[in-house]
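These notes concern the structure reproduced below.
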There are 2 protein chains.
Amino acid sequence: MNLPKAWEILKENGFKETSKRQQILKMFSEDDRYLTARDLLDVMQKDYPGMSYDTVYRNLATFVSLGILEETELSGERHFRMQCESDHHHHHFICLDCGKIKEVPVCPMDMLGAALPSYQIANHKFEIYGKCPECQ
Amino acid sequence: MNLPKAWEILKENGFKETSKRQQILKMFSEDDRYLTARDLLDVMQKDYPGMSYDTVYRNLATFVSLGILEETELSGERHFRMQCESDHHHHHFICLDCGKIKEVPVCPMDMLGAALPSYQIANHKFEIYGKCPECQ
DNA sequence: AATGTAAATCGTAATGACTCTTAATTAGAA
DNA sequence: TTCTAATTAAGAGTCATTACGATTTACATT
């Protein structure tokens, strides 16, 4: 997702354009890896001093709830990245070294068939982990 | 997995049969839901006082590394359950209410094809979340 | 059965991710 | 420009998890 689209969504939902939100979104738009809140803070407190934990976490939660960022859990920590542009449902390969992702145009829910009769499905998670070609 | 099998694996790997390990494994063998370390401690410190955090976490890690327990992350917390008996690879539906699971005899890796050429795949995760028939 | 020793455990303190609180600041509307 | 609700800063607090030194225990050996 690009920055203008992100701001469009924020504005539509009545959120203000603050300098901290600009800084956070800029970081995500320039990095396609999964980042932790700590990653953000480490960089930010260097380039833009005075960013607090609270601000980072509060905005990450906002961005995820609006579909601007996507979130996953890797080795016990929450990781975030810009939501993919793709309009079709897909999943991710995640490089355990560099954190970069690759879209996988496959969804296992397509092959479920009648495996879960009368189960009420809310959501699902499918991720592949390993090393990308560059990191081998 | 049943208790004798679990102890067989532990013995094979040179681990001692302690009363704490007996207590922990007993809890898992009597409950097929995903449990947190806290769940274990709450029950244990009532029935068997004097179980420490360290002992619980250390043994959970041991059991997972030996394939006796399986682990997943649900809403930010590590959850554990006895490893399935099934000899064929499968995945899980997890009820977000009661924590019970149902095996899903489907693996998305089968339909990957050539989607990840020259990527080195280490592992993958596929889980379906929702409500089981009893919890609706 | 007694002993020796490495493994295991206890109790507690420490860590680190994340959240909450209150007062001050700021974006954007009027 | 002024007003007001949204946002942020700073730091304290919470909670899951890990680390550590002292003590205890399983079990192999005698």
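Chain naming here is simple, since letters A, B, ... match the order of the sequence lines and numbering starts at 1 in each.
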Base dC20(C) paired with D54(A) side chain (donor-acceptor, <3.5 Å): yes
Expressed as a whole number of angstroms, how long is the span from [X]:[atom1] to [N]:[atom2]?
| X | N | atom1 | atom2 | value |
| --- | --- | --- | --- | --- |
| Y53(A) | dA9(D) | OH | P | 13 Å |
| E77(B) | dG16(C) | CD | C1' | 16 Å |
| M51(B) | dT25(D) | CE | P | 14 Å |
| N59(B) | dT25(D) | CG | C1' | 14 Å |
| Q22(A) | dA27(C) | CD | P | 9 Å |
| L74(B) | dC15(D) | CG | C1' | 17 Å |
| L60(B) | dA8(C) | CG | P | 15 Å |
| Y57(A) | dT21(C) | OH | P | 18 Å |

Under 4.0 Å between a side-chain N or O of [X] and OP1 or OP2 of [N]?
| X | N | answer |
| --- | --- | --- |
| R78(A) | dT19(C) | yes |
| T55(A) | dA9(D) | yes |
| R58(B) | dT9(C) | yes |

Whether H91(A) side chain and F126(A) backbone form a donor-acceptor pair below 3.5 Å: yes
Under 3.5 Å: donor-acceptor pair, side chain of Q120(B), backbone of C132(A): no
Least distance between heavy atoms, M82(B) atom then M1(B) atom: CG-O, 3.3 Å
Test salt bridge (Lys or Arg N to Asp or Glu O under 4.0 Å) applied to R21(B) and E17(B), step by step: CA-CA 7 Å; R21(B) 288 191 177 131; E17(B) 180 162 359; over 6 Å; no
Working for side-chain contact (heavy atoms from CB on, under 4.5 Å), residues E127(B) and F93(B): CA-CA 6 Å; E127(B) 287 179 341; F93(B) 170 95; over 6 Å; no
Contact list for DNA chain D against residues 28-44 of chain A - heavy-atom distance below 4.0 Å: none
Contact list for DNA chain D against residues 4-21 of chain B - heavy-atom distance below 4.0 Å: K11(B), K16(B), E17(B)
Go through the side-chain N and O atoms of [X] and [Y] and say whether any donor and acceptor fall under 3.5 Å apart.
| X | Y | result |
| --- | --- | --- |
| T62(A) | S65(A) | no |
| T72(B) | K125(B) | yes |
| R38(A) | Y53(A) | yes |

Ring centers of H89(A), H124(A) separated by less than 6.0 Å: yes
Sugar-phosphate, base or nothing in reach of G76(A), heavy atoms under 4.0 Å: nothing
